[in-house]
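Heads up, the thing below is written out as structure tokens.
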Amino acid sequence: MPDLTGQTFQDQLRQTLYAALQEAFAAGQLGQLAQIPTSSEVVFQPPKNPTYGDYASPIALSLAKPAGLNPLQIAEILVEYLDRSGFSAEVAKPGFINFKVQDSLLAKQLALILNQGSDYGRTTPAKPRKILLEFVSANPTGPLHVGHGRWAAIGSTLANLLRFAGDEVTTEFYINDAGNQMSLLGQSLGVRYFQELGYEATMPEKGYQGDYIKDLAQTLILEWKDIKASAPVDWFTDYACQHLLQQQKDTLAAFRTEFDHWYSERTLHEEGIVQKAMDDLEKRGMLYRADTSQAEQAERERETDEGDGSGALFFKAAQFGDDKDRVIQRSNGLLTYLAADIAYHREKFERGYDLLINIWGADHHGYVPRVKAAMQALGHPSEGLEIIIGQLVKLLKLNPETGKKEEVRMSKRTGNFITLDDLIYGIDSPEDAVGPDAARWFILSQSADSSVNLDLDLAVKRDTDNPVYYVQYAHTRACSVFRNLGDYPELLEFLANLRSGFNPETLIGESGFLLDSPEERALILRLINAPDQFRRAAEERAPQILVRYSEELANDFMKFYDRCRILPLLRENPKDALAYARGVLMVAAKQVLATALGLLGISAPESM
RNA sequence: GCGCCCGUAGCUCAGCGGAUAGAGCAACCGCCUUCUAAGCGGUAGGCCGUUGGUUCGAAUCCAACCGGGCGUACCA
């Protein structure tokens with residue numbers, strides 16, 4: 001088998017199959033086949049049913065038609081050309097080729113896992129990318145809610161996964177600290193501040209009513225006893241922004257979500273970056289002034305000259321696939337949010353990233369075409385900006401009055417919402433807490449494409465039923481075995497030094513490979529699959545792949561733990577070879593469980 | 001109206017072109033003198049929204065329709 005470093009075990013097997021395909025084709029054995037597919041088009045994966053072997057490929061089936069041959073015949077030809085050192089291959093019914101890995105190769109792979117330690121599962125891409133991953137990016141106008149938690153969990157996990165897959169990733173939080181909402185926030189705090197001090201003050205109509213503003217006003221009073229009667233609104237705005245942002249940072253840290261950069265929208269304006277972007281668009285002829293967009297004018301068949309040219313400033317988004325042109329500066333001279341966003345994304349590219357990935361809620365998906373259009377208008381390739389749209393979280397809670405499940409609306413303005421802190425620390429008391437581990441698992445276990453119903457009563461009550469504890473428990477059990485090996489220091493020492501060098505021959509006994517039970521074999525194969533799963537989760541931006549894998553790994557481990565005991569063997573014979581071999585497998589499984597949980601941002605406890 | 005996402009077990013959801021459609025929870029039946037039973041084994045539960053099409057092969061791709069969510073601003 002060819003040695004292809006940086007690739008997964010599965011890649012290597014696939015490559016072997018592909019080599020056979022190339023040879024058979026070159027030898028003219030594949031009938032009328034005009035050309036062979038590329039290597040990545042060759043389907044090759046573990047079959048659902050283990051009786052079909054460890055890996056399987058339906059490649060012969062798909063080649064049958066173009067080759068004008070029977071699929072079984074093609075499969076037979078390919079197997080003949082296969083370099084079968086390390087595995088066996090057989091042809092099955094309709095035309096599948098089923099692979100079974102030989103024990104010696106399993107032993108070698110196990111040694112590799114242990115040797116690479118916590119780096120096992122890393123892969124190296126052909127060309128690593130510089131990626132800027134932006135997510136959460138909430139307004140600093142209040143606590144983060146559960147919806148933000150979804151983006152935080154997905155974003156932080158994707159960052160972990162992409163880094164593990166060899167890309168250079170920077171995470172960034174865009175602070176929306178400019179615009180109307182901010183001054184409304186400042187006004188709201190000012191009102192609460194004066195009210196707390198016993199003065200008359202009326203909340204603006206669309207002010208922030210939430211209790212957290214009152215709390216903040218009290219903090220403000222403690223900090224500044226003298227009345228800031230003369231303080232301008234901006235002062236309150238800055239104070240609120242600074243404190244609420246800090247709260248968000250604390251919440252995110254507790255939710256195991258770290259950001260490398262915090263980028264302030266204000267700096268875009270203050271440093272003239274917005275102006276630069278507008279100039280750039282202008283230079284490229286992408287802007288025009290009008291009362292309504294060109295498309296709308298045409299639609300209404302208006303006289304072109306109804307506007308005097310002093311209307312709003314439009315960006316020609318329709319030229320790049322958007323539905324219509326978009327306003328970036330209103331008639332009253334104020335910039336729209338789009339102007340800042342164009343500038344922000346342009347600036348990200350200028351910082352030298354190959355790929356920008358944003359995670360946005362579905363309520364912003366209509367915004368995607370215009371931002372992409374702007375980047376194209378500025379000369380950036382459309383593949384350079386990838387926007388992941390996550391569907392929204394709906395919170396359900398039992399209403400004691402009606403006895404029905406009702407949606408808990410998440411509105412910061414009215415202040416009626418469940419915060420991410422509530423989920424982490426509990427709404428009323430710590431007993432209500434879902435905690436970061438269970439909350440992250442729940443969120444990450446489902447695709448960003450599906451809208452989530454989070455039943456708060458169940459989320460809290462069912463905490464011990466959450467499968468996350470199953471996976472953590474598997475890790476815990478492995479730990480407990482090692483704790484119980486105290487009477488066998490020789491074995492402990494052997495297991496502690498596996499990484500620095502370990503002979504796969506240890507796994508071979510008098511009658512062959514020692515780990516030959518179905519449970520042991522299944523667990524080893526599962527471990528060998530980890531790098532492929534990690535990489536696929538990164539490529540498909542799908543943390544749920546990692547969640548599923550973790551569950552399956554834990555399940556394989558539990559069966560192994562249950563039926564392949566170590567201590568009873570040692571009591572019979574402290575040097576029992578099978579006990580040693582199982583100890584090796586136990587170390588490897590514990591390590592990969594910890595890696596998977598780590599990528600998910602979930603703790604891997606030593607005991608529960 | 002148009003656009004995006006979703007309709008899979010009683011519930012919450014995986015699977016998204018390959019061999020007999022899965023998991024957790026809920027239900028039922030077994031298993032603790034053996035490394036933590038937060039476990040293991042087993043039973044039951046499905047016209048994969050509907051109809052057509054593409055394919056050797058469809059839960060998976062395409063079209064239409066039916067349901068649900070979100071969006072469709074000179075708001076941020």
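As the structure is a prediction and not an experimental result, all values here were calculated from the model. The figures here come from the full heavy-atom set of this structure, side chains too, leaving out hydrogens, waters and symmetry mates. Chain identifiers are assigned alphabetically (A, B, ...) following the order of the sequence lines, protein sequences preceding nucleic acid strands; residue numbering begins at 1 within each chain.
Toward the 5′ end of RNA chain B lies the nearest nucleotide of A:C564, the other residue of the pair A:N180 and A:C564 mapping further downstream. Residue order along RNA chain B, read from the 5' end via each residue's closest nucleotide, puts A:P568 first among A:P568 and A:Y470.
Qualifying side chain to side chain contact (heavy atoms under 4.5 Å, CB included) partners for A:A89, counting only residues two or more places apart in sequence or in other chains: A:V79, A:L82, A:R84, A:I97, A:F99. A:Q32 pairs by the side chain to side chain contact (heavy atoms under 4.5 Å, CB included) definition with nothing, not counting sequence neighbours.
Between A:N332 atom CG and B:rC74 atom P there is a gap of 12 Å when expressed in whole angstrom units. Atoms OH (A:Y473) and P (B:rG39) sit 7 Å apart, rounded to a whole Å. Rounded to whole angstrom, the span from the CZ atom of A:F482 across to the C1' atom of B:rC35 amounts to 10 Å. One interatomic measurement links the two molecules: NZ of A:K93 to C1' of B:rG18, which rounds to 13 Å at whole-angstrom precision.
Within the structure, every side-chain polar atom (N or O) of A:N555 is placed at least 4.0 Å from both OP1 and OP2 of B:rG24. Of the side-chain N and O atoms in A:K394, none sit less than 4.0 angstrom from OP1 or OP2 of B:rG68. Using a 4.0 Å cut-off, some side-chain N or O of A:N453 falls inside it from OP1 or OP2 of B:rC13. Contact annotation: A:Y469 does not reach the phosphate of B:rA38 (side-chain N/O to OP1 or OP2, under 4.0 Å).
Using a 4.0 Å heavy-atom criterion, one finds that A:N49 contacts the bases of the nucleic acid, with or without backbone contacts as well. If you check every strand for non-hydrogen atoms under 4.0 Å, A:M558 touches sugar and phosphate atoms only. Among the protein residues, A:A64 comes within range of no part of the nucleic acid, since none of its heavy atoms lies under 4.0 Å from any strand. No contact: A:V547 has no heavy atom under 4.0 Å from any strand. Backbone-only contact: A:E551 has heavy atoms under 4.0 Å from sugar-phosphate atoms and none from a base. Contacts of A:N98 with the nucleic acid, taken as non-hydrogen atoms under 4.0 Å apart, include base atoms. Using a 4.0 Å heavy-atom cutoff across all strands shown, A:S451 reaches sugar-phosphate atoms only and no base atom. Among the heavy atoms of the strands lying under 4.0 Å from A:Y561 is at least one base atom, whether or not backbone atoms are also near. The residue A:A474 sits apart from the nucleic acid: no heavy atom pair falls under 4.0 Å.
Other residues, nucleotides and ligands contribute more than 12 heavy atoms inside 6.0 Å of the CD atom of A:E539.
Interface remark: the A:H365 side chain does form a donor-acceptor pair with the B:rG3 base, using a distance-only criterion of under 3.5 Å. With hydrogens and angles left out, the side chain of A:S331 and the base of B:rC74 share a donor-acceptor pair within 3.5 Å.
The side-chain heavy atoms of A:L281 and A:F315, taken from C-beta on, include a pair separated by under 4.5 Å. Within the 4.5 Å cutoff, the side chain of A:E540 has heavy atoms near those of the A:I545 side chain. In this structure, the side chains of A:N358 and A:V371 stay at 4.5 Å or more apart for every pair of heavy atoms.
Look at A:K559 and A:D562 and you find no salt bridge, because none of the NZ, NE, NH1 or NH2 atoms lies under 4.0 Å from a carboxylate O.
A:R150 places a side-chain N or O within 3.5 Å of a backbone atom of A:Q391 that can act as its donor or acceptor partner.
Residue A:T476 places its side chain closer to B:rU36 than to any other of B:rC74, B:rG18, B:rU36. In the set B:rA14, B:rC70, B:rC35, the nucleotide with an atom closest to the side chain of A:L392 is B:rC70. Relative to the side chain of A:R548, the nucleotides B:rG18, B:rG22, B:rA19 differ in distance, and B:rG22 lies closest. Side-chain atoms of A:P467 lie closest to B:rG24 of the nucleotides B:rG24, B:rU12, B:rU36. Closest contact between the side chain of A:R326 and the listed nucleotides B:rA73, B:rC5, B:rA76 involves B:rA73. The A:R563 side chain lies nearest to B:rG41 when the options are B:rG41, B:rC35, B:rC74. Ranking B:rC56, B:rA76, B:rA19 by closeness to the A:K65 side chain, first place goes to B:rC56. Of the candidate nucleotides B:rG41, B:rA14, B:rA19, B:rA14 has the atom lying nearest to any side-chain atom of A:S447. Which of B:rU36, B:rG18, B:rU34 sits closest to the side chain of A:N484 comes down to B:rU36.
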Worksheet item: Pairing of RNA chain B as dot-bracket, 5' to 3': ( ) intra-strand, [ ] crossing, | other strand, . unpaired, with Watson-Crick or G-U pairs under 3.5 Å?
Response: (((((((..((((....[...)))).(((((.......))))).....(((((..]....))))))))))))....

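Aromatic stacking is not marked for A:F96 over B:rG18, as the cut-offs of 5.5 Å for the centres and 30° for the planes do not both hold.
Glycosidic conformation, B:rC5: anti, with the torsion outside 90° of 0.
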